[in-house]
Amino acid sequence: MKKLEKLYEGKAKILYETDDSDLLIQYFKDEATAFDGKKRGLIENKGILNNRMSSRLFECLEENGIETHFVGHISDREMAVKRLEIIPVEVVARNVVAGSLAKRMGMEEGVPLKKPVLELYYKSDELGDPMINEYHIDAFGLARRDEVETMKEKALLINKFLVDFFEKRGIVLVDFKLEFGRHKGKVLLGDEITPDGCRLWNKITGEKMDKDRFRRDLGKVEESYQEVCSRVLS
Ligand code: UDP
């Protein structure tokens with residue numbers, strides 16, 4: 001497979017065309033942003049670590065019957081993925097109160113939820129990804145009903161799998177964001193699963209091991225990504 005021109009450059013990744021029209025190369029950068037791009041920085045080696053973690057997690061999901069866009073690990077910062085038509089709806093799954101949910105509900109972070117919560121957001125950088133519901137998705141034609149049902153079902157299955165996966169490695173999966181896309185009539189998981197888009201807390205010490213260390217200037221950012229990576233690969 002030959003790498004061709006750049007198709008799209010996002011905040012943390014670049015997508016390249018390849019000589020196979022069904023496949024793209026997803027390249028992971030070290031750049032980190034937070035608060036809708038207002039805070040910017042570099043997390044040394046993040047691209048390499050995120051590529052490793054995402055590759056492993058996508059492989060595990062595939063082994064468990066959950067289809068993703070992942071095709072294969074190519075190099076330190078590159079993976080081959082299926083070309084998706086991204087559905088502009090981000091799905092957040094939550095197990096413990098944190099972040100925007102803590103604010104919205106006026107609660108302390110850290111309260112376990114009685115059951116997982118799914119939230120839907122309109123994928124729009126300019127608007128800062130506003131929260132939407134299924135009425136908005138229907139009314140604005142963002143996705144078909146059956147696609148939304150598939151995304152919700154898959155998000156809950158992925159959550160169940162990941163909670164258990166991280167639990168076994170001494171990590172609490174607090175919440176995370178997923179993106180899906182269409183490929184040959186199917187809805188597949190796309191994007192990445194990394195500490196950039198997940199809240200991961202050390203089960204014993206409660207220490208944050210994810211991008212909140214960067215967002216909130218807590219230090220030891222690269223070390224935390226390293227630690228999560230070595231546990232994910234173990
Ligand atoms: N998240 C993300 N991208 C976004 C918004 C949220 O990856 O544009 C992830 C975030 O890392 C966290 C989860 O989704 O794991 C829930 O985020 P929340 O709504 O609490 O927003 P935040 O407090 O991160 O702004």
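Computed from a prediction, not measured in an experiment: that's the story for all the values here. Every number for a ligand or one of its atoms is a count from 1 in the order of the listing.
Heavy atoms of other residues, nucleotides or ligands lying less than 6.0 angstrom from CZ of Arg216 number more than 12. Within 6.0 Å of CZ in Arg104 there are more than 12 heavy atoms belonging to other residues, nucleotides or ligands. Within 6.0 Å of NZ on Lys39 lie more than 12 heavy atoms contributed by other residues, nucleotides or ligands. No more than 12 heavy atoms of other residues, nucleotides or ligands lie within 6.0 Å of CD1 in Ile204, so this atom counts as exposed by the packing criterion. Environment of CD in Glu59: crowded, with over 12 heavy atoms of neighbouring residues, nucleotides or ligands closer than 6.0 Å.
Within the cation-pi definition used here (under 6.0 Å to the ring centroid, within 45° of the axis), Lys6 does not qualify as a partner of Tyr16. Judged by the 6.0 Å and 45° rule, Arg169 forms a cation-pi pair with Phe165.
Nearest protein neighbour of atom 8 (O) of ligand 1, counting heavy atoms only, is Asp129 OD2, 3.0 Å. Looking only at protein heavy atoms, the nearest one to atom 10 (C) of ligand 1 is Arg215 NH2, 3.7 Å. Nearest protein heavy-atom neighbour of atom 13 (C) of ligand 1: Asp175 OD1, 3.4 Å.
For ligand 1 and Cys198, the ligand atoms under 4.0 Å from any heavy atom of the residue are 11 (O), 15 (O). Close approach to Asp196 involves these atoms of ligand 1, each under 4.0 Å from a residue heavy atom: 7 (O), 11 (O). Near Tyr121, meaning under 4.0 Å from one of its heavy atoms, ligand 1 places the atoms 19 (O).
Counting only heavy atoms, the protein gets under 4.0 Å from atom 1 (N) of ligand 1.
Ligand 1 lies nowhere less than 4.0 angstrom from a heavy atom belonging to Lys103. By the 4.0 Å heavy-atom criterion, Val174 is excluded from the residues contacting ligand 1. Using 4.0 Å as the threshold, Glu119 has no heavy atom nearer than that to any atom of ligand 1.
Taking only non-hydrogen atoms, the option from Lys177, Glu90, Arg199 nearest to atom 17 (O) of ligand 1 is Arg199. Distances from atom 19 (O) of ligand 1 to the heavy atoms of Gly128, Ser100, Gly99 show the closest one on Ser100.
Under the 4.5 Å side-chain heavy-atom criterion for Ile, Leu, Val, Met, Phe, Trp and Tyr, Phe180 and Val92 are members of distinct hydrophobic clusters.
At a 4.0 Å heavy-atom cut-off, ligand 1 does not touch Lys211 at all.
Panel note: side chain Asp30, backbone Gly47; a donor-acceptor pair is recorded below 3.5 Å.
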